[in-house]
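Take a look at the structure set out below.
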There are 2 protein chains.
Amino acid sequence: MDQEAFFRKLVDFTAAVHQVKHELTKDLPLGSVTPVQYGILEYIAVHQPVTLSEISDCQHMSMPNTSRELKKLTEKNLCEKSIAAEDQRKQYIRLSPEGQRMMDDIFRRIHSRFEERIRTVPEEGLKAIDRAMDVLRAQLFDTSYAKK
Amino acid sequence: MDQEAFFRKLVDFTAAVHQVKHELTKDLPLGSVTPVQYGILEYIAVHQPVTLSEISDCQHMSMPNTSRELKKLTEKNLCEKSIAAEDQRKQYIRLSPEGQRMMDDIFRRIHSRFEERIRTVPEEGLKAIDRAMDVLRAQLFDTSYAKK
DNA sequence: CTCTTTCCTTATCATTTGATAACAAAAGGG
DNA sequence: CCCTTTTGTTATCAAATGATAAGGAAAGAG
């Protein structure tokens, strides 16, 4: 297999994924939530409860900046902090009821755009996509790779 | 097929792609080039020659901001503008020799990290990955979809 | 030859974001 | 009981980014 072409294909592929993700998530009703803050909310929504350090690691932001943005989100009543019982330094962060409603709504919108996108794909094709994602997750986009 | 689970899987998948892309592209020698500027350079590198409007569309930035950032890149001697012969309003934008060297170097680094990543994958697996990318490109991440 | 549209520019402003220093409190290890 | 590490905070600053107004010059349409 031609290494060069294969690499090029990967570059194209990731660009396409990024592009489609953008189409699925643009113009969402974010209110006063900034892009970085939305990224945090999405991360919390999927992984809650999370700690501040986890957000910091996974969103690639420094602790001070993470703390600041999270404070803003808390002030907007979109998420809540609670001190961990077993380690008083840690905080478990979750969406507030309001934050949960917001993210539920947003995910519904994204989901609906996604369905629009795959509407014409037959059941057979969906299965193929499913398998393809499995293959790539296992071989190429294994995020447990080289976790230092 | 369970719609809900399928959608969730897509969300996970795009997050993983994003994560791996980050790992492959972090800590590159960008010098004085900002993230947004790097995005532009990468786009030019892959698609050159391009016009300002194309960059604006594909990088999702306004024309004024694109113009500003491109001016900075030109001042850094990383890209060049030349007026199109057939339409004097348009500019064809390319990497300068220096910009080309920079991007070649960067792509080499990314490529090398990528090879490190797939080092242990057998030929058979690479072919499977290749096919999987084809499937997803065709069915799911078809960027020609709904071009307004 | 006008009028409109396309493509691009310059200027300006507020906001967001990233980086750093300095600090504090809990946990863990000897 | 120290000492170090982990976890998080506050404050501050500069830079990057996004948004908008205003304009100019070429192309295209009538």
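All values below were derived from every heavy atom in this structure, side-chain atoms included, with hydrogens, water molecules and symmetry-related copies excluded. From a predicted model like this one, the values you see are computed outputs, not experimental measurements.
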Between P of D:dA22 and CE of B:M63, the distance in whole Å: 19 Å
If the cut-off is 4.0 Å, is B:Q91 near the phosphate of C:dT9, judged by side-chain N/O to OP1 or OP2? yes
Chi angles and distances behind the salt bridge (Lys or Arg N to Asp or Glu O under 4.0 Å) call for A:R109, A:D105: CA-CA 6 Å; A:R109 288 168 192 262; A:D105 176 50; 3.2 Å; yes
Starting at the 5' end of DNA chain C and moving along, which residue's nearest nucleotide shows up first, B:R89 or B:K71? B:R89
Over the length of the helix from C:dC1-D:dG30 to C:dG30-D:dC1, how much do the five-pair end axes diverge, rounded to 10 degrees? 40°
Go through the steps for A:E69 and A:Q59 under the test side chain to side chain donor-acceptor pair (under 3.5 Å), then give the verdict. CA-CA 12 Å; A:E69 296 309 317; A:Q59 300 296 106; over 6 Å; no
Do the side chains of A:R119 and A:E116 get close enough for a salt bridge, i.e. N-O under 4.0 angstrom? yes
For the pair made of CG in A:L52 and P in D:dG8, what is the distance, rounded to whole Å? 5 Å
Every protein N/O within reach of nucleotides 16-20 of chain D N/O, cut-off under 3.5 Å:
from	atom 1	to	atom 2	distance (Å)
D:dT17	OP1	B:V36	N	3.1
D:dT17	OP2	B:T34	OG1	2.7
D:dG18	N7	B:R68	NH2	3.1
D:dG18	O6	B:R68	NH1	3.0
D:dA19	N7	B:N65	OD1	3.3
D:dA19	N7	B:N65	ND2	3.1
D:dA19	N6	B:N65	OD1	3.1

Hey, which of these two, B:Q88 or A:D87, hits DNA chain D nearer its 5' end, going by closest nucleotide? A:D87
Pairing of B:R117 and B:E23 as salt bridge, 4.0 angstrom limit: yes
Quick one: do B:R137 and A:D12 make a salt bridge, cutoff under 4.0 Å? no
Grab the CD1-P distance between A:I83 and D:dT6 for me, whole Å please. 21 Å
Base, sugar-phosphate, or nothing for A:T51, non-hydrogen atoms under 4.0 angstrom? sugar-phosphate
A side-chain contact here means heavy atoms from C-beta on lying under 4.5 Å apart; do B:R131 and A:V135 qualify? no
Between A:Y92 and A:V46, is there shared hydrophobic-cluster membership here, with clusters defined by ILVMFWY side-chain heavy atoms closer than 4.5 Å? no
Between A:T66 and B:A85, who's closer to the 5' end of DNA chain D by nearest nucleotide? A:T66
In plain terms, say whether B:D104 and B:R108 are close enough for a salt bridge, that is, a side-chain N and a carboxylate O under 4.0 Å apart. no
From the set D:dA27, C:dC8, D:dG8, return the single nucleotide nearest to any side-chain atom of A:K90. D:dG8
Given atom CD1 of B:I55 and atom P of C:dC7, what is their separation to the nearest angstrom? 14 Å
Taking the six-membered ring for Trp and the single ring otherwise, decide whether the centroids of A:Y43 and A:H47 are under 6.0 Å apart. yes
Spacing of B:I40 atom CD1 relative to C:dC8 atom P, expressed in whole Å: 13 Å
